[in-house]
Amino acid sequence: MTKWRPDPATLTRPAYRSLVQAIETAIQNGVLKPGEQLPTQRQMAFDLSLSVQTVSRAYDKLTETGRIIGEVGRGTFVRAASDDISTPFVSRKAAGRLLDMSILKPVMDHAHEEAMQKTLRAMARSLPRVVMGGARNDVGTGGSSAARRWLALCGLDLTGMAVLPTNGSTSAMTVALMTATQPGDLIVSEEIGHHTLRPLARFLGLRLQGATVDDGGICPEALDHLCRREPVKAVYLIPNGANPLCFTMTQHRRAAVIEVARRHDLLIIENQAWGPLQDAPPPPIAALAPERVLYFTSLTKCLLSGLRVGYLVVPDHLSASAANRHMVTSWMATQLMTQIADRWIEDGTADALLTRQQLALRDRADFAANVFRGRDMRTSPNGLHIWLPCHDTQEETLQAQAIREVGVAVANGASFAIGPPDRHPGLRIAIGGQSFPEFARGIRMIDAALRHNNKH
């Protein structure tokens, strides 16, 4: 058992939160090492002149964030922080043996190949020097004309906001979190969301708490309750269809969440990675509360998976912070990719491919609904996936295994849980990564596997 104890003189009120931060700092600095046993709650309380309830609450928080783990009959230990990210999709090697419907990709066909070939030929004849020699971060109020046009399609007026081009949504998400928070801060998200949020929060030293969701998204009452319980720095939201449960937050719900954020002075990180893929969604949260929203989107999911171009939009007063954090993580967006994106947006190629994508995804969702007729199936307008709810995590595991045995890979709902994995059991089925004949074959195979599994 470790001899380490925090200095009681450094603990401030509320004491449980101060104790959490002290233990997290000791773990991050290597003072407390993986596998090291912490004192019992009673012993820690005695050593620090705290109540057992206070120490118990601190240990519970550290357990929730994965910092420590309690083992019945043995004690509480510092958890080994794995650098591996548990992904919901299968490896490239496994995907070669399976029909892979576990990873979200847009539909791609000959139109994308022709558009890329045409653009690259044109760029080869008149390659902008910035592609070869650009070495500066590009952040500015209002953004480029192409960025403004694309973000207008997403429903954003950029007045009073700055635009930072990024290498897709993952880069934008990282910079947004680093800009909005500091190590030790608590952030809240929907209790089922993006699969990289948990490890990213851990790598950044953030505490992450899931809040209750329903068919309309995060519940404002649940968010308000968490904020009243302890200080929350930011709330991370996926309001438009891309959430595994396929919900789209109504405008009324968005207004209620903004009211909670203003009451508790929260920043909001809005993930709209699918861009303008949905038909006539409610206005972005960033359009309703531009002073406190860090918004990001990309062209990757709605146009072409290899086009790693995104935009992070932040209030003007956060633009310098965002630019600095982007510089230390990615330095700058790749100029070749941003030039291709700018050309496609300016010459209408992006609009044509977006419309093509919407029609293709709509057809696929209709096909799946017909095959799964009588089964509970959820989707969003022009969405990249469908969601099949399960009764519990055991059914989720058994159904995923049954589907894999017939040669198809899907994603388990537990991979997206922010908190207990049994809150929303289900299967996420990606519908855009295959040709239509392969997609149709996969849907029929999934349906047959589920029917056979239900009989047994």
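In what follows, residues are counted from 1 in the order of the sequence shown. No experiment lies behind these values; they were computed from the predicted model shown. What's counted below: heavy atoms across the whole structure, side chains too, no hydrogens, waters or symmetry copies.
Inter-residue side-chain proximity for S298 and V309 is flagged as unmet; no heavy-atom pair is nearer than 4.5 Å.
D214 is linked by a side-chain hydrogen bond (donor to acceptor under 3.5 Å, both in side chains) to R253, counting only residues two or more places apart in sequence or in another chain.
When only modelled atom types and interatomic distance are considered, N167 and T334 share a side-chain donor-acceptor pair under 3.5 Å. Side-chain contact annotation: H252 with T250, donor-acceptor N/O pair under 3.5 Å absent. A donor-acceptor contact under 3.5 angstrom links the side chains of E346 and S145, judged on distance only.
In this structure, the separation between CZ on R428 and CD1 on I192 is 10.0 Å, given to the nearest 0.5 Å.
Here the side chain of R262 pairs no donor or acceptor atom with the backbone of I258 at under 3.5 angstrom. Using modelled atom types, one side-chain atom of H112 and one backbone atom of L303 make a donor-acceptor pair closer than 3.5 Å.
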Using residues 272-284 as the side-chain source, report each donor-acceptor pair under 3.5 Å to any protein atom, sequence neighbours left out, with the distance given to one decimal.
from: Q272; atom 1: OE1; to: Y295; atom 2: OH; distance (Å): 3.1
from: Q272; atom 1: NE2; to: G275; atom 2: O; distance (Å): 3.2
from: Q278; atom 1: NE2; to: T248; atom 2: OG1; distance (Å): 2.9
from: D279; atom 1: OD1; to: N382; atom 2: ND2; distance (Å): 3.1
from: D279; atom 1: OD2; to: R362; atom 2: NH2; distance (Å): 3.2
from: D279; atom 1: OD2; to: N382; atom 2: ND2; distance (Å): 3.2

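The side-chain hydrogen bond (donor to acceptor under 3.5 Å, both in side chains) pairs that include a residue from residues 174-183 number zero, where partners must be two or more places apart or lie in different chains.
When each of T349, D351, T119 is checked for a side-chain hydrogen bond (donor to acceptor under 3.5 Å, both in side chains) with W344, only T119 meets the rule.
The minimum heavy-atom distance linking L98 with V408 is given by the pair CD2-N, 4.2 Å.
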